[in-house]
Amino acid sequence: MNDRKTRIKTFLVRYIRNYELNDDTDIFGGGLVNSLFAMQLITFLEKEFTITIEDRDLKLDNFRTINAMDNLIENKT
Amino acid sequence: MEIKLSEQQKRNQTAFRDFVNKEIIPHANQHDKEERIPDELIKKLARKRYFGAVLPEQYGGHAMDYITYGLLNEELGRGCASVRAFMMMQNMVALTIHKWGSEEQKERWLGRIASGETIAAFALTEPEVGSDAMHIETSFTDADDSKFIINGHKKWITLGQIADLFLVFGKKRGKLSAVLVEKDTPGLTKIPIGGMLGVRASMLAELYFDNCSVPQENLVGRAGFGFVPVGITALNLGRYSIAWGCVGIGQACLEACINYASNRRQFGDYLKNHQLIQEMIADMTVNLKAGRLLCYQAGQMQEEGHENAIMEIMVAKYFTSKMACTIASNAVQVHGAVGCSSDSAVQRHLRDAKIMEIIEGTSQIHQIKIADYAYREYAE
Ligand SMILES: Cc1cc2nc3c(=O)[nH]c(=O)nc-3n(C[C@H](O)[C@H](O)[C@H](O)COP(=O)(O)OP(=O)(O)OC[C@H]3O[C@@H](n4cnc5c(N)ncnc54)[C@H](O)[C@@H]3O)c2cc1C
């Protein structure tokens, strides 16, 4: 697991407890997170990886899994 | 850890306070009675760039940091909750367009909102849907590739009577979405709402959308992202504004009580020397200090982009809205009959404070979310 993925996972497991989270677990499809958490996730990604998430990044597929978020960050940095 | 304003923040605070003392407090009861804010005051607020307080200077904004913006809200809230709500709405919509709007939307609207040329409003609530916002019924139906049709009914919309631009929430192909709608759009009807308990100069309206045709490019963010992150960006700033505004209400009440209790005599002594009055003044002081500290903390976290800022803002809003109700109620008590008169400010503050426990998420909804936050933060 690369460093970025580890950092994302460390953040997620603070919220998603008692669940075996893999790099390709669908956190939205699985109903694992609520709307406030989704907002916290965006804030976390922006600050942790010094990126700005914009209008054009708003696709659920960019945030569904640890792998997808890793790709999004990769493409933005 | 240091909780200390910078010299610039202090200068801004003094400027805000002077403006409120001169331009707002002498007329605030009049706003309340007439249920409107005069155009002249709206122009003065715009000239101060308060409507673009959080926008960058390139759009005519003030580029305030979140602590400075908090101080502005405290001061406006100390003067008149309706004026603060007016300013809050402009910043809520402007920030949301700035963060999630297209380049065209930013170019078209941000400068106009900051200058006061365009008055913006936020239209989420419906007659049948308040707290349960995910279940709004307003529909955005695709007409063709370039347009969609809005049908629905919004209620309790602050500034609905006078707004030029509405950020409207609805469902597009079943997905929660946000769209900008101009006031002259055919099929949009506005019905004023008057006689509210508090924040009476908010110029509320009901909005009816009857087959309103809107260009697809008016969507803010994409379909399905209307609540998170678009709506929440606005609501988060709104809650922050309310939290500080409630500190302002509390401060106004405390200052009024100190003044009144120092001059009014009963049983041969000033009210301030009666211990039951001292108890109320002490509790006001302590709660106000606690509430202000919560606001400072939440503001600093928001400034730093901390992921928990959104939750700490909810903590602050929940605490200070409850606090403002208690302080304002006790302020009326300290003033006796004088506090019940329509000429007194404290009765207005009491009515305004109650509204703060309802808007931008009721106290109960805040309690549910804060409890959830506590389980996440403190579970083993
Ligand atoms: C002065 C004023 C200005 C406003 N301005 C705007 C505006 O500009 N734009 C806009 O979109 N809206 C606006 N509103 C509407 C406001 O956002 C709503 O009133 C608020 O969201 C609550 O919704 P509701 O009034 O429908 O109450 P409801 O959601 O019907 O709630 C009624 C009561 O039930 C409680 N309740 C609801 N669900 C639960 C639950 N799950 N558990 C426990 N208790 C619950 C609530 O806390 C409340 O006490 C304004 C309202 C006022 C009074």
Side-chain angles (χ1 to χ4, degrees), chain A residues 3-21 25-66 68-73 75-77, chain B residues 96-106 132-135 175-178 217 219-237 239 301-315 361 365-366 368-373 375-380:
Chain A
D3 170 56
R4 269 199 311 261
K5 288 189 193 177
T6 313
R7 282 149 75 191
I8 298 170
K9 186 166 181 180
T10 307
F11 173 76
L12 290 176
V13 295
R14 278 176 45 212
Y15 295 87
I16 304 170
R17 289 167 187 269
N18 307 322
Y19 192 91
E20 192 56 48
L21 201 61
T25 306
D26 181 349
I27 60 169
F28 288 99
L32 295 172
V33 299
N34 63 21
S35 57
L36 280 176
F37 173 75
M39 193 68 205
Q40 289 184 272
L41 176 61
I42 291 176
T43 312
F44 164 77
L45 293 174
E46 291 194 318
K47 178 157 193 230
E48 183 75 14
F49 301 102
T50 332
I51 56 170
T52 303
I53 293 173
E54 297 157 283
D55 175 25
R56 61 173 166 272
D57 304 318
L58 294 181
K59 294 178 199 132
L60 215 47
D61 285 345
N62 279 334
F63 302 94
R64 240 180 235 295
T65 64
I66 294 176
M69 290 182 250
D70 184 48
N71 274 337
L72 174 71
I73 300 159
N75 291 336
K76 291 188 81 72
T77 44
Chain B
T96 306
I97 297 174
H98 183 247
K99 176 72 186 155
W100 301 114
S102 63
E103 282 311 313
E104 295 72 33
Q105 289 168 350
K106 291 182 208 178
D132 190 11
M134 296 294 179
H135 291 100
K175 295 173 175 173
L176 226 155
S177 309
E217 66 253 25
L219 267 188
V220 179
R222 292 175 184 239
F225 292 88
F227 196 64
V228 185
V230 178
I232 291 198
T233 298
L235 289 169
N236 185 48
L237 189 71
R239 288 174 187 145
M301 288 171 79
Q302 181 71 22
E303 184 66 25
E304 290 167 5
H306 195 292
E307 72 258 16
N308 282 346
I310 191 169
M311 298 312 306
E312 293 297 332
I313 285 174
M314 291 191 86
V315 169
I365 298 301
H366 275 67
I368 293 167
K369 304 292 181 199
I370 292 166
D372 184 45
Y373 177 48
Y375 283 110
R376 282 200 265 118
E377 287 296 298
Y378 304 122
E380 289 284 302

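In what follows, chains carry the letters A, B, and so on, assigned in the order in which the sequence lines appear, proteins first and then strands, with residues in each chain numbered from 1.
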For this session: Using a 4.5 Å cut-off on heavy atoms from C-beta on, say whether the side chain of A:T25 contacts that of A:Y19.
Result: yes
Side chains of residues 27-34 of chain A: which donor-acceptor partners sit under 3.5 Å, not counting sequence neighbours?
residue: A:N34; atom: OD1; partner: A:L36; partner atom: N; Å: 3.3
residue: A:N34; atom: OD1; partner: A:F37; partner atom: N; Å: 2.8
residue: A:N34; atom: ND2; partner: B:D372; partner atom: OD2; Å: 3.3

Exercise. Relative to chain A, which segment of B:A309 carries a heavy atom at a distance below 4.5 Å: side chain, backbone, both, or neither?
Worked result: neither
Exercise. Counting heavy-atom pairs under 4.5 Å to chain B, which of A:I42, A:D55, A:L41 comes out on top?
Worked result: A:D55
Problem set entry | Any donor-acceptor pair under 3.5 Å from A:N75 side chain to A:L72 backbone | no
For this session: Kindly write out the residues that satisfy side chain to side chain contact (heavy atoms under 4.5 Å, CB included) with B:H366, not counting sequence neighbours, or none if the list is empty.
Result: B:R239, B:M314, B:K317, B:Y318, B:I370
Problem set entry | Region of A:E46 in contact with chain B, defined by heavy-atom distances below 4.5 Å | side chain
Exercise. Which atoms of A:I53 come close to chain B, meaning under 4.5 Å heavy atom to heavy atom: side chain ones, backbone ones, both, or neither?
Worked result: both
For this session: Can you tell which part of A:R14 gets under 4.5 Å to a heavy atom of chain B, answering side chain, backbone, both or neither?
Result: both
Exercise. Picking from A:R17, A:E48, A:E54, which has the most non-hydrogen pairs under 4.5 angstrom with chain B?
Worked result: A:R17
For this session: Please examine the side chains of A:I66 and A:F11, heavy atoms only from C-beta on, and report whether any two atoms are closer than 4.5 Å.
Result: no
